[in-house]
There are 2 protein chains.
Amino acid sequence: MKLSLRGEYALRALLVLGLHYNEPVVRIQTISQQQNIPKRFLEQILNDLKSAGLVQSKRGVSGGYRLARKPEEITLAAVVRHIEGALAPVSCVSERYYEKCSCPDESRCAIRSVMKEIRDAVVKIAERVTIAELCERYERLQTHPTVALDYVI
Amino acid sequence: MKLSLRGEYALRALLVLGLHYNEPVVRIQTISQQQNIPKRFLEQILNDLKSAGLVQSKRGVSGGYRLARKPEEITLAAVVRHIEGALAPVSCVSERYYEKCSCPDESRCAIRSVMKEIRDAVVKIAERVTIAELCERYERLQTHPTVALDYVI
DNA sequence: CAATAACTCGATTGACATAGTCGAGATTTT
DNA sequence: AAAATCTCGACTATGTCAATCGAGTTATTG
């Protein structure tokens with residue numbers, strides 16, 4: 001039930017790009033340093049996000065990356081789906097990465113019905129939250145430093 | 001964000017044991033055949049569930065496995081946590097498998113705050129659903145065969 | 001126009017996890 | 001005593017994860 005480091009790094013990088021959306025580009029190195037992400041690894045990830053159409057790049061001196069779309073148009077779900085694949089805990093309840101499972105009768109599988117609930121709960125959140133919202137949350141968390149994460153609902 | 005096959009098999013096996021809760025024991029082979037789970041692999045898994053105190057075993061002819069507790073007392077969460085570890089998508093929001101993450105300021109991490117929401121949504125379901133409920137769902141799905149899973153909310 | 005600072009792309013690697021498989025042994029029933 | 005069953009640890013093949021590396025391409029800038 002886990003997000004890989006790769007996926008986490010992708011989100012962190014996109015958050016940085018969202019926060020700097022007004023600037024022309026942000027360099028890999030900047031992101032790498034700010035977020036403690038190995039540079040060479042981040043390279044790969046950003047390239048991957050580029051091929052997904054989530055990010056644009058500019059080469060050469062004063063090159064770097066920027067979001068390919070508005071922050072409000074990039075959902076968590078889209079990012080994670082591209083990096084990790086299915087959001088569903090088992091692929092027999094995944095809408096876009098469906099795979100048949102080995103259980104005797106998938107259409108009447110009790111476990112599947114629960115997994116579908118879990119999937120829906122996760123997807124509901126991941127499709128609602130965008131990079132823009134991550135940026136808002138970031139600002140809010142910076143501005144109200146006393147409000148610890150654990151008190152946020 | 002995925003459950004391993006191992007975890008899925010564990011749930012399927014426990015469901016079978018739940019359905020046969022009135023019987024003294026169920027043999028590995030029976031479960032293996034009913035659920036299309038490789039026998040030798042299932043052996044391992046049941047042994048693991050035994051060490052978790054979820055299952056009891058009896059050796060010898062007419063031996064087998066049974067639930068160590070009432071079906072209502074075994075939650076999905078307990079099973080998955082024992083087989084897979086954290087239910088949280090990233091371990092920095094896990095309550096019992098917490099690990100520090102590499103982000104600059106965990107206490108004000110925007111991504112973390114979303115991940116916590118996802119974790120809570122998953123945990124809420126997984127802690128509410130028990131083997132007993134899986135059994136009920138199973139019966140319901142058997143009895144009302146026309147009601148496809150996809151129409152169930 | 002040359003130096004430099006970026007991104008690009010594919011290959012490689014080491015560690016670890018996953019999904020099994022296997023063999024030999026211990027227990028219990030009949 | 002024989003047979004069926006669980007037990008336990010070891011083993012293996014494959015794949016994924018998290019990087020790392022080298023060589024190349026592109027664009028700026030002095």
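Here is the naming used below: chain letters follow the sequence lines, and residue numbers restart at 1 for every chain.
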J.: In sequence, state the C-alpha distance, the side-chain angles, and the governing distance for A/V122 and A/R119, and then conclude on side chain to side chain contact (heavy atoms under 4.5 Å, CB included).
T.: CA-CA 5 Å; A/V122 171; A/R119 184 211 95 103; 5.9 Å; no

J.: Is there a side-chain contact between A/K58 and A/R66 (heavy atoms, below 4.5 Å)?
T.: no

J.: Return the value, rounded to whole Å, for the distance between atom CG of A/L5 and atom P of C/dA15.
T.: 18 Å

J.: For the pair A/R12 and A/E8, find out whether any cationic side-chain nitrogen is under 4.0 Å from an anionic carboxylate oxygen.
T.: yes

J.: Can you find an N or O donor on one side and an acceptor on the other, under 3.5 Å apart, linking the side chain of A/Q44 with the base of C/dT8?
T.: no

J.: Please give, in whole Å, the distance from C/dA17 P to A/K2 NZ?
T.: 12 Å

J.: Starting at CG of A/D48 and ending at P of D/dA19, how long is that distance when rounded to a whole Å?
T.: 16 Å

J.: Quick one: which protein N/O atoms are closer than 3.5 Å to N/O atoms of nucleotides 3-5 of chain C? Pair and distance per line, please.
T.:
from	atom 1	to	atom 2	distance (Å)
C/dA5	N3	A/V61	N	3.4

J.: State whether B/E117 and A/R137 are salt-bridged, where the test is any N-O pair (Lys NZ or Arg NE/NH1/NH2 against Asp/Glu carboxylate O) under 4.0 Å.
T.: yes

J.: Round to the nearest Å and state the distance from B/I37 atom CD1 to C/dG20 atom P.
T.: 10 Å

J.: Do B/L49 and B/I83 make a side-chain contact, defined as non-hydrogen atoms from C-beta onward lying under 4.5 Å apart?
T.: yes

J.: Hey, does the side chain of B/S91 reach the backbone of B/S94 with a donor-acceptor pair shorter than 3.5 angstrom?
T.: no

J.: Counting the atoms with a prime plus P, OP1 and OP2 as sugar-phosphate, which does B/L46 contact under 4.0 Å by heavy atoms, base, sugar-phosphate, or nothing?
T.: nothing

J.: Check for me whether B/R108 meets the cation-pi criterion with A/Y138, that is, NZ or CZ under 6.0 Å from the six-membered ring centre and within 45 degrees of the ring axis.
T.: no

J.: Closest nucleotide of DNA chain D for B/K39 versus for A/S4: which of these residues is on the 5' side?
T.: B/K39

J.: So for atom CD, which belongs to A/E23, do other residues, nucleotides or ligands contribute more than 12 heavy atoms lying within a distance under 6.0 Å?
T.: yes

J.: B/K50 has an atom NZ; how far is it from atom C1' of D/dG9, in whole Å?
T.: 15 Å

J.: Does A/R40 make a side-chain donor-acceptor contact with the base of D/dG22, cut-off 3.5 Å?
T.: yes

J.: Could you tell me whether the side chain of B/E43 has a donor or acceptor atom within less than 3.5 Å of a complementary atom in the base of D/dC6?
T.: no

J.: Starting from P on D/dC6, measure out to CG on B/N47 and report it in whole angstrom.
T.: 10 Å

J.: May I have the distance from A/I45 (atom CD1) to D/dC17 (atom P), rounded to whole angstrom?
T.: 12 Å

J.: Identify, residue by residue, the members of residues 8-15 of chain B with a heavy atom below 4.0 Å from DNA chain D, and return them in order of residue number, or none.
T.: none

J.: Rounded to the Å, how far apart are A/Y65 OH and C/dC7 P?
T.: 6 Å

J.: Pick out which of A/L134, A/L67, A/V129 makes a side chain to side chain contact (heavy atoms under 4.5 Å, CB included) with A/I74.
T.: A/L67

